[in-house]
Number of protein chains: 2
Amino acid sequence: MSSCDTCVVRNRAICSGLDNREIEALNQIGRRRQVTAGEPLIWEDDDSLLVANVIEGVLKLTTSTEDGREQIVGVAYPSDFIGRPFGQTSSASVVALTDARVCVFSRNDFDRFAREHPELEHKLLERTLAELDRTRSWMMLLGRKNASEKIATFLLEMSDRLAETGCTPAFGPAKRFSLPFSRQQVADVLGLTIETVSRQFTKLKNEGVIELPSRREVEIVNRGALVALAG
Amino acid sequence: MSSCDTCVVRNRAICSGLDNREIEALNQIGRRRQVTAGEPLIWEDDDSLLVANVIEGVLKLTTSTEDGREQIVGVAYPSDFIGRPFGQTSSASVVALTDARVCVFSRNDFDRFAREHPELEHKLLERTLAELDRTRSWMMLLGRKNASEKIATFLLEMSDRLAETGCTPAFGPAKRFSLPFSRQQVADVLGLTIETVSRQFTKLKNEGVIELPSRREVEIVNRGALVALAG
DNA sequence: CATCCGCGTTGACGGATGTCAAAAACACAA
DNA sequence: TTGTGTTTTTGACATCCGTCAACGCGGATG
């Protein structure tokens, strides 16, 4: 039996739209892989050797400077596609933020399969276009927003993105959620320092906009205020 | 005769790879359009009604906040594809920086044509993936680089990008070039203010790294220094 | 040639955010 | 529980860059 049959992202990932025979063929070239939190899957500037679908968990895409500064350039959730098909090198590292399960393919195998299956390429194109849109709106945040706008925007985005994943069946944005990021990682997403992130969090807490039940937990108390702050 | 026959980007744009019959069909649904410097082609958040290939000239892709802050999120050169296929709204405005000629399609027509021509979709996918890579490396710049690193990186990128376009048949990066940007637009690319951009330019001039023969002209005198500064 | 106007430059200043350091909170193991 | 190491918070301070304002340059126009 193909493991795709029981795949929880079967109908959301780029594999959706393939018929049973095609799924079977794709299954032949892919394999499941477990990645534990903190473990890297792809290295920046390495030969692009593998691509993958995220089944479960959250991963970060990062680029770094030589002197060690890091910028998180993307976050991959279940059903997202990661890696760089049709290219020699990947421009970002991929590291698991939580324990994760992915469905990996060698890039060569995947490229070949994709070229033979236009429907799959189309799905991948739609996904890539959507990711480009998201990335561009994040450029606005990085280039033109101040720290409090960044934090507000970030919390709202988290509340949207994590709602889809969580058990609550996507009834609008999540009011309370668990961040898959440490403070340092939040800083790396927003182009800030960990201290600034921390100060902005406590400021929002003191103003009664959010609650912070634990390090990773966030509860949005006053969503309207966040929206106003996000600008 | 199809106007594609004489198109200067025929072999670089996504149309390359189509046979004569297909080119003829594509030509049926597209039309040439002249855009003068400063003229908008697509509005942010508008219904995505048209897409286009750039034939000649340079255009900017921008997003703005309600209070008027602007961030340039992409720059389109000849043979680049602009607009948002397969989506309801476009996430960025497109405005010509120089006089430009583009080959426009209604989004609906283009979407339909693309879905029937996997080779075209593949070209578009490769282009979109490359653009996503570029955009992500720009996020690093916006989030983690300081003003002088930003300016140095920008000048090097310009020198590369404009070399391909210029008459000089792409013998490495251009040593001297004419910026398609005003100082304000450079600021909008880099997430800085016009004053900071101006100060950094004169600083580099005083250090003998560049020459500024006129407002728009730049000559790179000491490329090594720029590379070192870019980080 | 004189005037105007947009764009770019320069200067003075302040504030937001980064840096450095220490304390506090938390996680985990013994 | 206690101890140990990590993460987060908080504070003091420095600095880069933004803001505001004046000025200069160059091109267009009459």
Side-chain angles (χ1 to χ4, degrees), chain A residues 36-38 60 65 67-72 97-99 140-155 178-207 210-218 229 231, chain B residues 36-38 60 65 67-71 97-98 140-155 178-207 210-218 229 231:
Chain A
T36 57
K60 64 171 181 176
T65 53
D67 60 340
R69 284 172 286 179
E70 180 167 317
Q71 177 67 46
I72 294 182
L97 291 174
T98 65
D99 288 349
M140 171 79 232
L141 173 142
L142 289 172
R144 292 302 187 198
K145 290 190 176 177
N146 62 29
S148 84
E149 291 171 321
K150 283 180 177 179
I151 294 285
T153 308
F154 170 78
L155 289 174
S178 179
L179 287 176
F181 301 105
S182 70
R183 291 288 185 271
Q184 180 59 60
Q185 285 158 353
V186 175
D188 291 339
V189 171
L190 299 176
L192 297 170
T193 58
I194 183 173
E195 294 93 334
T196 301
V197 170
S198 178
R199 277 186 255 266
Q200 293 291 334
F201 269 59
T202 54
K203 181 160 153 279
L204 288 176
K205 190 179 70 178
N206 292 337
E207 294 168 351
I210 60 172
E211 282 298 321
L212 299 170
S214 76
R215 289 186 163 182
R216 296 289 184 118
E217 298 282 319
V218 178
L229 282 171
Chain B
T36 56
K60 64 172 180 175
T65 53
D67 60 340
R69 282 172 286 178
E70 181 168 317
Q71 175 68 45
L97 291 175
T98 65
M140 171 78 233
L141 173 142
L142 289 172
R144 291 299 186 201
K145 290 190 177 179
N146 63 29
S148 84
E149 291 171 321
K150 283 180 177 178
I151 294 284
T153 308
F154 170 79
L155 289 174
S178 179
L179 288 176
F181 302 105
S182 70
R183 290 288 185 272
Q184 180 59 61
Q185 285 158 354
V186 176
D188 290 339
V189 171
L190 299 177
L192 296 170
T193 60
I194 183 174
E195 294 94 334
T196 300
V197 171
S198 178
R199 277 186 258 265
Q200 293 292 333
F201 270 59
T202 53
K203 180 160 154 280
L204 289 176
K205 189 179 69 178
N206 293 337
E207 293 168 351
I210 60 172
E211 282 298 319
L212 299 170
S214 77
R215 290 186 165 184
R216 297 288 184 120
E217 298 282 322
V218 179
L229 282 172

Query - Closest non-hydrogen atom pair, Gly191(B) against Gln71(B) - result: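 So the minimum-distance heavy-atom pair works out to CA-OE1, 3.9 Å.
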Query - Shortest non-hydrogen contact between Thr98(A) and Pro180(A), atoms and distance - result: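 Smallest heavy-atom distance, with atoms named: CG2-CB, 4.2 Å.
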Please write out each protein N/O paired with an N/O of nucleotides 4-6 of chain C under 3.5 Å, distance rounded to 0.1 Å.
residue, atom, partner, partner atom, Å
dG6(C), N2, Arg215(B), NH2, 3.2

Requested in this report: Output all residues satisfying side chain to side chain contact (heavy atoms under 4.5 Å, CB included) with Ser182(A), sequence neighbours left out; order by chain, then residue number.
Outcome: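 By the side chain to side chain contact (heavy atoms under 4.5 Å, CB included) rule, Ser182(A) matches Gln184(A), Gln185(A), Arg216(A).
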Query raised in the report: What residues, two or more places apart in sequence or in another chain, satisfy side chain to side chain contact (heavy atoms under 4.5 Å, CB included) together with Thr36(A)?
Result: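 Glu39(A), Asp99(A).
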Roughly, in whole Å, what's the span from [atom1] in [X] to [atom2] in [N]?
X: Gln184(A); N: dG18(C); atom1: CD; atom2: P; result: 11 Å
X: Leu142(B); N: dT17(C); atom1: CG; atom2: P; result: 16 Å
X: Asp188(A); N: dG18(C); atom1: CG; atom2: C1'; result: 14 Å
X: Arg144(A); N: dT17(C); atom1: CZ; atom2: C1'; result: 17 Å
X: Gln185(B); N: dG8(C); atom1: CD; atom2: C1'; result: 13 Å

Query raised in the report: When the C1' atoms of the five terminal pairs at each end define the local axes, what inter-axis angle does the helix from dC1(C)-dG30(D) to dA30(C)-dT1(D) show, to 10 degrees?
Result: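 That helix has its two terminal axes inclined by roughly 40°.
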Query raised in the report: Between Asn146(B) and Phe181(A), which is nearer to the 5' end of DNA chain D once each is assigned its nearest nucleotide?
Result: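 Comparing both residues, the 5'-ward one is Phe181(A).
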**Report entry** With Phe181(B) via ring pair (Phe, Tyr, Trp, His ring centres under 6.0 Å) - residues at least two apart
**Finding:**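 Testing Phe181(B) for ring pair (Phe, Tyr, Trp, His ring centres under 6.0 Å), a comparison that skips the adjacent residues, returns Phe154(B).
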Requested in this report: Please identify each residue that fulfils side chain to side chain donor-acceptor pair (under 3.5 Å) with Thr65(A), with sequence neighbours left out.
Outcome: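 Only Asp67(A) meet the side chain to side chain donor-acceptor pair (under 3.5 Å) criterion with Thr65(A).
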Query - Positions of residues 190-204 of chain B (non-hydrogen atom under 4.0 Å from DNA chain C), listed by number - result: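 Contacts with DNA chain C under 4.0 Å: Glu195(B), Ser198(B), Arg199(B), Thr202(B).
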Which donor-acceptor pairs under 3.5 Å do side chains of residues 192-204 of chain B form with protein atoms, sequence neighbours excluded?
residue, atom, partner, partner atom, Å
Thr193(B), OG1, Thr196(B), N, 3.4
Thr193(B), OG1, Thr196(B), OG1, 3.1
Thr202(B), OG1, Ser198(B), O, 3.3
Thr202(B), OG1, Arg199(B), O, 2.9

Query raised in the report: About how many Å separate CD1 of Ile210(A) and CD1 of Ile151(A), when rounded to the nearest 0.5 Å?
Result: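 One finds 8.5 Å between CD1 of Ile151(A) and CD1 of Ile210(A).
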Query - Inter-residue atom distance Glu207(B).CD - Leu229(B).CG, 0.5 Å rounding - result: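 Glu207(B) atom CD to Leu229(B) atom CG measures 7.0 Å (nearest 0.5 Å).
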Query raised in the report: Between which nucleotides of DNA chain D, read 5' to 3', does contact with chain B run, using atoms under 4.0 Å from its heavy atoms?
Result: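 Contacts span dC17(D) to dC25(D), reading 5' to 3'.
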**Report entry** Inter- and intrachain pairs under salt bridge (charged side-chain N to carboxylate O under 4.0 Å, His left out), touching residues 140-152 of chain A, at least two apart
**Finding:**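 Salt bridge (charged side-chain N to carboxylate O under 4.0 Å, His left out) check on residues 140-152 of chain A returns Arg144(A)-Asp188(B), Glu149(A)-Arg69(B).
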Query raised in the report: Which part of the nucleic acid, if any, lies within contact of Ser214(B), taking any heavy atom under 4.0 Å across all strands shown: a base, the sugar-phosphate backbone alone, or nothing?
Result: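 Answer is nothing: Ser214(B) stays at 4.0 Å or more from every strand.
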**Report entry** Residues which pass salt bridge (charged side-chain N to carboxylate O under 4.0 Å, His left out) with Glu211(A), listed by chain and number, not counting sequence neighbours
**Finding:**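 Here no residue qualifies.
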Query raised in the report: Does the Arg183(A) side chain pair with the main chain of Arg215(A), one donor and one acceptor, at a distance under 3.5 Å?
Result: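 Checking the backbone N and O of Arg215(A) against the side chain of Arg183(A), a donor-acceptor pair under 3.5 Å is found.
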